[in-house]
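These numbers come from the heavy atoms of this one structure, side chains and all, not from hydrogens, waters or symmetry mates. Sequence lines set the chain letters: A, B, ... in the order given, protein chains first and strands last, and positions in each chain run from 1.
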Number of protein chains: 2
Amino acid sequence: MGRELSTQIVVESEPSNSGGVMAIQLALEVLESLAKHDSVGVTELSRARGSTKARVYRHLRTLVDNGYAVQDLGSERYSAGPRLVALSRVASLTPFESVVRLARPAMMRLRDDTGHSVNLSLVYGETVAIVETLQGNALIGVVMRTHTSMPLHSTAAGKLLLADWLANGIALPDRPYERFTNHTITDTVVLRRELYKVQEQGWAGAPEETVLGVNAVSAPIRDHHGDVIAMLSIMSSIQFIPRIAPRELVDAIKCTAHEISRALIL
Amino acid sequence: MGRELSTQIVVESEPSNSGGVMAIQLALEVLESLAKHDSVGVTELSRARGSTKARVYRHLRTLVDNGYAVQDLGSERYSAGPRLVALSRVASLTPFESVVRLARPAMMRLRDDTGHSVNLSLVYGETVAIVETLQGNALIGVVMRTHTSMPLHSTAAGKLLLADWLANGIALPDRPYERFTNHTITDTVVLRRELYKVQEQGWAGAPEETVLGVNAVSAPIRDHHGDVIAMLSIMSSIQFIPRIAPRELVDAIKCTAHEISRALIL
DNA sequence: ACCGTTGTTACGTCCACCGATACGAAAAGG
DNA sequence: CCTTTTCGTATCGGTGGACGTAACAACGGT
């Protein structure tokens with residue numbers, strides 16, 4: 001409901017079911033729908049996913065059998081089950097969650113100061129995902145799907161992580177770097193040079209490297225070990241964040257990120 | 001870690017893979033392990049589950065591909081991914097979660113007053129699951145696995161829900177009532193009479209109806225519509241909660257449950 | 001009474017999943 | 001240092017489980 005003024009940008013690789021269990025894929029999507037909506041129907045779900053009614057029904061049934069879904073009285077629609085909320089315990093377990101709570105006020109200040117969308121990305125193993133976004137003031141903004149892994153070599157936040165690996169002597173992934181736009185850095189040598197620059201200057205930009213017309217500037221948030229565990233980013237049209245990022249904007253982000261890092265130690 | 005002095009009682013039906021997708025079952029167990037432990041290994045998981053290493057690996061791989069799991073640097077063990085914590089957001093969305101926060105102080109008071117274990121059960125569609133437990137003072141206590149559906153006809157909390165259905169003209173489930181002990185009520189007529197009694201007196205007991213030697217006393221928590229959405233229970237050995245529940249104990253539970261209900265409206 | 005829904009079920013076909021087996025690497029142990 | 005174990009990963013046929021098709025019963029609206 002409600003008009004979506006922002007451009008929905010979803011970075012996602014296609015199926016590529018190489019040696020995986022396809023059944024799980026659908027089950028997970030069903031779980032997400034279950035979590036997102038208060039209640040869902042079999043036909044509705046099957047149409048949304050483009051699958052068969054019977055298939056979705058079978059998956060839904062096993063979810064019910066395992067307590068991850070329940071069907072409302074009178075054998076009507078399905079909704080989230082008890083064990084699904086049991087999974088939520090993991091959230092409070094991760095030390096990351098505290099970062100989100102801690103960072104929010106500083107993020108809001110940054111948003112109000114700059115007027116741009118502000119994102120907080122977290123490091124999950126060797127992937128990066130945005131976990132918190134604050135919409136900017138622009139009429140037409142840019143948003144990313146939260147909780148989805150994003151490419152490392154073509155995003156401001158991702159390059160910060162890669163630069164940290166480089167600094168710690170961790171080998172960069174040797175899989176080929178996918179080209180998203182004609183600005184995407186795909187050459188290993190060029191990327192390494194860029195990462196050294198990122199590491200030295202303490203922030204990263206990524207003008208039109210993932211999506212044309214979109215720019216982002218990001219600064220690292222470090223834990224008490226000095227490891228990069230999160231990134232603070234602003235993201236907007238390249239019209240508002242020029243390819244050569246303005247000095248005061250970069251300083252604001254670096255300063256805020258550093259401030260959050262300091263709050264983490266205490 | 002830490003000695004478990006309490007008797008672990010898990011009420012759970014066996015596989016019964018009738019028309020379900022078996023692959024999902026394993027995937028869910030993997031997800032739970034991922035959520036519970038900080039990191040897990042393929043072999044470790046396969047042994048715990050009694051499955052093949054290859055199978056677990058394939059499942060883990062698809063979970064990684066979908067962002068529900070990540071592997072730590074250096075291709076070592078696996079841990080929870082970003083989308084897994086995304087699912088957790090639903091938990092705080094459910095209106096139920098507010099009940100838990102609201103009820104906790106009252107539950108602690110009840111636990112200290114009575115000395116028994118106190119449980120909070122929530123209604124999920126047409127099932128009931130314990131979501132919060134407070135250990136009692138007894139050296140040997142009784143605990144139930146949280147976030148798992150429990151039978152309705154043989155538990156104090158379950159009978160409260162059934163009684164509410166009866167009052168609202170909702171048909172009782174016609175599936176046969178499973179017999180757990182020789183005290184379990186399995187006859188429809190006897191059960192209806194019991195439910196009317198429960199409804200009238202405003203609380204329910206279930207002495208040795210699910211597990212021998214265990215008794216429970218429960219009172220309903222209602223939302224602003226008057227519908228039963230949760231149950232407050234105490235649970236212990238029948239040695240400490242006699243078959244004929246003492247008057248003051250029943251009053252304490254009814255009073256506390258009513259207090260929580262009133263707090264819910266405000 | 002006729003539609004168009006909904007959730008549910010049965011059944012036969014096929015391919016996705018499985019188990020066995022093996023490989024390279026890294027840790028353990030002597 | 002070599003051996004041994006254990007880890008995650010990869011490959012490869014065979015098979016049975018998951019799939020799609022189609023029909024079912026139960027509602028709700030026109």
Selected nucleotide, minimal atom distance to B:A23 side chain, candidates C:dT8, D:dC19, C:dC18: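 Between C:dT8, D:dC19, C:dC18, the one nearest the side chain of B:A23 would be C:dC18.
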DNA chain D: stems of at least 3 consecutive Watson-Crick or G-U pairs whose donor-acceptor distances fall under 3.5 Å: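 Correct response: C:3-5 with D:26-28, C:8-23 with D:8-23, C:25-28 with D:3-6.
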Between [X] and [Y], what is the shortest heavy-atom contact and its length?
| X | Y | value |
| --- | --- | --- |
| A:S46 | A:T52 | CB-O, 3.6 Å |
| B:A80 | A:Y124 | O-CD2, 3.9 Å |
| B:V123 | B:A230 | CG2-N, 4.1 Å |

Any side-chain donor near an acceptor of the partner, A:S39 and A:S79, under 3.5 Å: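 Side-chain D/A pair, A:S39 to A:S79: absent.
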No-hydrogen, no-angle side-chain donor-acceptor test under 3.5 Å, B:T210 and B:S154: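 The answer is yes; a qualifying pair exists.
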Calculate the interatomic distance between [X] atom [atom1] and [N] atom [atom2]; express it in whole Å.
| X | N | atom1 | atom2 | value |
| --- | --- | --- | --- | --- |
| B:M22 | D:dG16 | CE | C1' | 11 Å |
| A:L26 | C:dA16 | CG | P | 15 Å |
| B:R61 | C:dA16 | CZ | P | 16 Å |
| B:D72 | D:dG8 | CG | C1' | 13 Å |
| B:L60 | D:dC7 | CG | P | 14 Å |
| B:Q25 | D:dG17 | CD | P | 13 Å |

Sidechain N-carboxylate O distance under 4.0 Å for A:D38, A:R77: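 No, no charged N to carboxylate O under 4.0 Å.
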For B:A216, all residues meeting side chain to side chain contact (heavy atoms under 4.5 Å, CB included), sequence neighbours excluded: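 Side chain to side chain contact (heavy atoms under 4.5 Å, CB included) list for B:A216, sorted by chain: B:A156, B:M235.
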Side chain to side chain contact (heavy atoms under 4.5 Å, CB included) partners for A:H224, two or more places apart: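 Side chain to side chain contact (heavy atoms under 4.5 Å, CB included) list for A:H224, sorted by chain: A:I265.
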Backbone N/O of B:V189 and side chain of B:D187: donor-acceptor pair under 3.5 Å: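 Checked: pair present.
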Heteroatom pairs (N/O) under 3.5 angstrom, protein to nucleotides 19-23 of chain C:
from   : atom 1 : to    : atom 2 : distance (Å)
C:dG19 : OP2    : B:T52 : OG1    : 2.6
C:dG19 : O5'    : B:T52 : OG1    : 3.3
C:dG19 : O6     : B:R58 : NH1    : 3.3

CG-CD1 distance between B:L122 and B:I229, expressed to the nearest 0.5 angstrom: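 If I round to the nearest 0.5 Å, the distance is 7.0 Å.
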Please enumerate all protein N or O atoms sitting under 3.5 Å from an N or O of nucleotides 24-28 of chain C, with distances to 0.1 Å.
none

Give a yes/no answer on whether the side chain of [X] brings an N or O atom under 4.0 Å of OP1 or OP2 in [N].
| X | N | value |
| --- | --- | --- |
| A:H59 | D:dA18 | no |
| B:Y78 | D:dC7 | no |
| A:Y57 | C:dA10 | no |

Check against side-chain contact (heavy atoms from CB on, under 4.5 Å), B:I221 and B:L264: CA-CA 9 Å; B:I221 296 176; B:L264 268 177; 3.7 Å; yes
Test side-chain contact (heavy atoms from CB on, under 4.5 Å) applied to B:R83 and A:E32, step by step: CA-CA 9 Å; B:R83 300 200 74 105; A:E32 287 182 38; 3.0 Å; yes
Neighbours of DNA chain C within residues 40-50 of chain A, by heavy-atom distance under 4.0 Å: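 Close to the strand are A:G41, A:V42, A:T43, A:R47.
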Steps toward side-chain contact (heavy atoms from CB on, under 4.5 Å) verdict (B:Y78, B:V56): CA-CA 12 Å; B:Y78 291 83; B:V56 173; over 6 Å; no
Check against side-chain contact (heavy atoms from CB on, under 4.5 Å), B:T184 and B:E178: CA-CA 8 Å; B:T184 307; B:E178 191 178 352; over 6 Å; no
